[in-house]
Amino acid sequence: MVTPPPVTPRPVVPTRPASGGAAGGREGSTASITGTRRERRRTSLFAHGEPMVWVAGGSLCLALLMIAGLIVLVMSQGFASFWPGAITRAVLDDGTVVMGEITRVESVADAGAAEDPPQRRLLRTGNFEITQEHFRWVDDSEIASIETPEDAVLLERLAWGRFYGLPVAFEIDGGIVAEGPEAAWASFQQHHGEVRDRWDEARHLEHGEIGAVNAAIERRRLATRQVGLDSGFGSPEYAAAQGSFAKLDAEQQLIYDEIQGRVMALDAENDRYRLVLATATGHRTPIEVASVVRAVQPNALGTLGRAGVYVARWYEYLTGEPREANSEGGVFPAIFGTVLMTMIMTLFVVPFGVLAALYLREYAKQGVLVSAVRIAVNNLAGVPSIVFGVFGLGFFCSIIGASLDQVLFESSLPSPTFGTGGILWASLTLALLTLPVVIVATEEALAAVPNSMREGSYACGASKWQTIKRIVLPKAAPGIMTGVVLAIARGAGEVAPLMLVGAVKLAPELPFDTTAPFFHLERSFMHLGFHIYDLGFQSQNSEAAKPMVFTTTLLLIGIVVMLNIGAITIRTRLNKRFGNARI
Amino acid sequence: MTPPTQTPVASDATAPGPARLATPKPGASLGGDSNAPRSASVIDSIGRKEFVEPDIHDEMHAADAVLEIQDFCLHYGEAQALFNVSLTLPRHQVTALIGPSGCGKSTLLRSVNRLNDLIDSVTTSGDMRLEGDSIYGPAVDVIELRKRMGMVFQKPNPFPMSIFENVVYPLRIDGERNKAVLEEVCEQSLRAAALWNEAKDRLKDSALGLSGGQQQRLCIARAIAAEPEVLLMDEPCSALDPIATGRIEDLIDELRGSYSVLIVTHNMQQASRTSDFTAFLYRGYLIEAGPTQTIFTQPHRQETEDYITGRFG
């Protein structure tokens with residue numbers, strides 16, 4: 001029997017009994033630690049973990065070096081491509097004369113161990129219509145004399161690429177008005193501006209006003225055809241519509257003729273001016289002033305003057321339209337297409353992704369099925385992007401788009417409106433492609449919201465949706481924005497699926513303009529990623545396109561960085577607002 | 001100090017107790033007439049999963065009840081966590097739930113506002129009544145029910161929004177938009193939670209920037225903003241330092257008389273300092289409940305005494 005413990009009033013503060021003899025059951029456990037002490041081994045280098053610091057740090061350094069290397073390469077090549085180089089005139093041993101910009105210098109490979117290996121240089125000689133080549137390799141050994149003539153001129157033209165030559169004369173109406181390099185150059189400078197203004201006006205008339213006339217005729221033609229489709233092509237309504245269409249056509253034809261007359265007058269005026277240049281071989285070539293986009297005498301320019309040309313080229317590149325199979329001119333349509341497509345994609349992917357993740361994490365009963373769905377979504381992120389392109393072509397263009405055409409654009413069939421690649425289908429395809437990224441990021445952000453916050457909200461009497469809307473989503477918003485950043489980076493840089501669903505080499509019109517309904521989501525568009533591919537691998541003049549590849553890559557990286565900075569700024573604001581110091 | 005001759009509980013397993021223990025008369029254990037075999041038997045009975053009749057003091061029955069727990073059982077899947085718990089919560093008093101870890105204190109507390117509904121595997125039987133209204137009845141609107149109670153959790157859980165929005169959250173979800181009403185409730189609640197002086201100049205700042213003790217007082221302010229009929233507190237001081245704990249305890253003291261508080265605590269001193277009534281749970285069974293003074297000085301049950309003097313648990 002055990003002695004009953006005394007039940008006399010105890011102090012309110014409880015006391016633990018002395019562990020001495022009272023806790024008999026615990027004695028054995030304390031006795032087992034006695035015995036001789038085991039000899040301790042010295043902590044080894046590996047146990048200290050020092051080598052792991054080096055391995056981990058080294059891996060990080062390697063990764064950073066590769067990224068830095070990529071950025072340095074792209075930036076050095078990309079920024080250099082617009083700098084106007086000197087024009088070199090070289091006389092070779094066999095008497096031929098070549099003139100152009102040196103774009104590359106390299107050692108001849110089979111020179112063996114010679115101390116001063118022979119070199120060769122690549123000259124951009126231009127003048128394709130005369131020489132049938134854009135570039136020419138010249139061995140240093142065959143050069144007899146070399147010089148940089150002061151008044152050598154580089155012309156960037158609308159067609160046929162660059163032209164290198166020496167100004168000889170300036171002609172108006174076939175008559176020489178200025179003779180000699182300086183006088184000819186001065187006359188050219190004097191007339192070039194006004195000629196280019198007229199040229200711009202003529203193109204503006206062609207694109208804007210004639211375009212509007214054509215659009216009006218086309219609209220009316222489709223409306224007439226729709227009448228025919230609705231009430232039969234033999235019906236009196238169709239006959240009436242045809243009659244009014246013929247009337248409108250005649251009216252518009254008058255307007256068209258009037259504008260066309262103005263354009264022709266402008267072009268005829270421009271046609272009077274010609275700059276006569278002598279090529280390296282002395283060939284006299286008259287060049288239409290209107291076809292010259294930019295004329296530079298690089299050898300006569302100082303650093304500041306060259307910087308001016310450099311800036312002007314960048315400006316044209318960023319705001320202009322492409323020409324010369326995309327290897328010259330600007331990439332504005334591609335910038336516009338890339339940004340617009342990424343934004344439409346974001347508009348689609350974010351609500352869908354967030355709602356899907358919300359259901360998976362907050363509403364669905366966690367179990368085998370939800371786990372299977374989650375694994376499937378994760379795997380979707382690993383599907384090759386071209387597969388999404390095929391899906392987009394097969395589903396969006398061929399099924400959805402074709403059905404839309406049947407219902408809404410019957411009159412313009414068989415030429416497709418939505419039934420072919422366009423910016424809307426491209427955006428939707430990329431939204432599908434980036435959906436897993438958003439779902440996974442959102443799910444992780446939702447999982448990171450402490451359950452105690454949800455419980456606190458429920459305990460206040462909030463419903464599930466109120467809790468999600470007021471507590472969970474705001475808390476998870478920065479994490480969701482991280483997913484959006486990743487989706488934008490992925491979507492803006494994707495090319496392969498776009499080739500199937502709407503990105504084209506040269507789009508005649510932007511997907512956004514001033515004619516109603518302003519957004520033309522059915523139109524095909526240009527994309528910087530596809531532009532890089534096109535420049536690098538489809539260009540006729542591959543040597544000239546090479547620096548442009550880097551410049552366009554630089555631009556694409558810049559745009560992705562800018563889109564990301566935008567998203568990160570929003571994320572930082574959200575973080576500040578909800579006091580999450582770091583996510 | 002306890003005399004060294006005292007032996008641990010349940011050392012004598014040779015005497016099997018009766019399957020169902022009768023409730024001892026109040027005061028029966030006074031004067032040293034309780035004996036060890038009986039105390040061992042209660043533990044043994046629990047070990048054999050036999051029902052143990054709780055010893056509920058008369059004062060508890062006599063009090064005006066705001067909440068009645070009736071024969072409440074709760075299972076987590078197969079495992080039973082609460083066994084036929086019956087308890088009343090006296091109006092405008094502080095009632096403490098004490099017991100060793102895992103004894104079901106928090107489970108019982110979370111059952112009162114049906115937070116356990118969020119766990120899929122939980123099944124319950126029995127009922128609770130808040131002012132006579134069933135809590136577990138089939139037609140109960142859980143959201144309306146929870147609005148009648150406030151709850152403070154073990155760890156401070158302010159919401160990721162401003163201090164002001166935190167306090168008026170219960171009103172916001174009811175769609176209250178009147179700025180004057182919101183501001184008045186905010187000030188009243190923060191004053192009641194003794195946070196007004198510290199927070200009045202930073203109401204628009206994020207609540208996550210407050211210290212742990214301030215956050216917990218903010219949570220109390222939030223819990224009382226909707227003027228609940230019952231205030232549930234789940235170890236509200238366990239994550240706080242002694243100074244913050246002292247402030248929260250003072251606050252509970254001030255809430256007495258206007259709120260009916262049910263508080264779970266691990267801390268005996270806290271239970272003795274802050275509560276009017278104390279209920280002792282052990283392995284899912286309610287062992288004893290009564291006025292705190294009696295429970296801590298003259299408990300009817302041997303297990304209660306052993307627990308509060310720290311001999312097991």
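Proteins get letters first, then strands, A, B, ... in listed order; numbering begins at 1 in each.
- Contacts between A/Lys469 and chain B at a heavy-atom distance below 4.5 Å are absent for every atom of the residue.
- Rounding to the nearest 0.5 Å gives a distance of 9.5 Å between CZ of B/Arg146 and OG of A/Ser457.
- Salt-bridge formation is detected for the pair B/Arg110/A/Glu455: a Lys NZ or Arg NE/NH1/NH2 atom is positioned less than 4.0 Å from an Asp or Glu carboxylate oxygen.
- If you measure heavy-atom distances from A/Arg470 to chain B, the contacts under 4.5 Å come from both the backbone and the side chain.
- Put simply, the side chain of B/Asn157 gets close to the backbone of A/Ser452: a donor and an acceptor are under 3.5 Å apart.
- Within the 4.5 Å cutoff, the side chain of A/Ile471 has heavy atoms near those of the B/Tyr169 side chain.
- Neither the backbone nor the side chain of B/Pro156 comes within contact range of chain A, judged by heavy atoms closer than 4.5 Å.
- The shortest non-hydrogen separation linking B/Arg222 to A/Gly456 is NH2-CA, 4.3 Å.
- Residues B/Ile143 and A/Lys464 form no side-chain contact, since every pair of their non-hydrogen atoms from C-beta on lies 4.5 Å or further apart.
- Shown here is A/Tyr363, whose OH atom has more than 12 heavy atoms of other residues, nucleotides or ligands within 6.0 Å.
- The nearest pair of heavy atoms linking B/Pro160 to A/Met453 is CD-SD, 3.5 Å.
- When the candidates B/Gln154, B/Lys147, B/Glu144 are compared by the number of heavy-atom contacts under 4.5 Å with chain A, B/Lys147 comes out ahead.
- Of all heavy-atom pairs between A/Ala459 and B/Met151, the closest is CB-CB, 3.8 Å.
- A/Phe348 CZ: 12 or fewer foreign heavy atoms inside a 6.0 Å radius.
- More than 12 heavy atoms of other residues, nucleotides or ligands lie within 6.0 Å of CD in B/Glu176, so this atom counts as buried by the packing criterion.
- Using a 4.5 Å heavy-atom threshold, the side chains of A/Pro474 and B/Met161 count as separate.
- For chain A, the nearby part of B/Leu118 is the side chain; its heavy atoms alone come within less than 4.5 Å.
- Per-residue counts of heavy-atom pairs under 4.5 Å with chain A were compared for B/Glu165, B/Arg172, B/Arg148, B/Arg114; the largest is that of B/Arg172.
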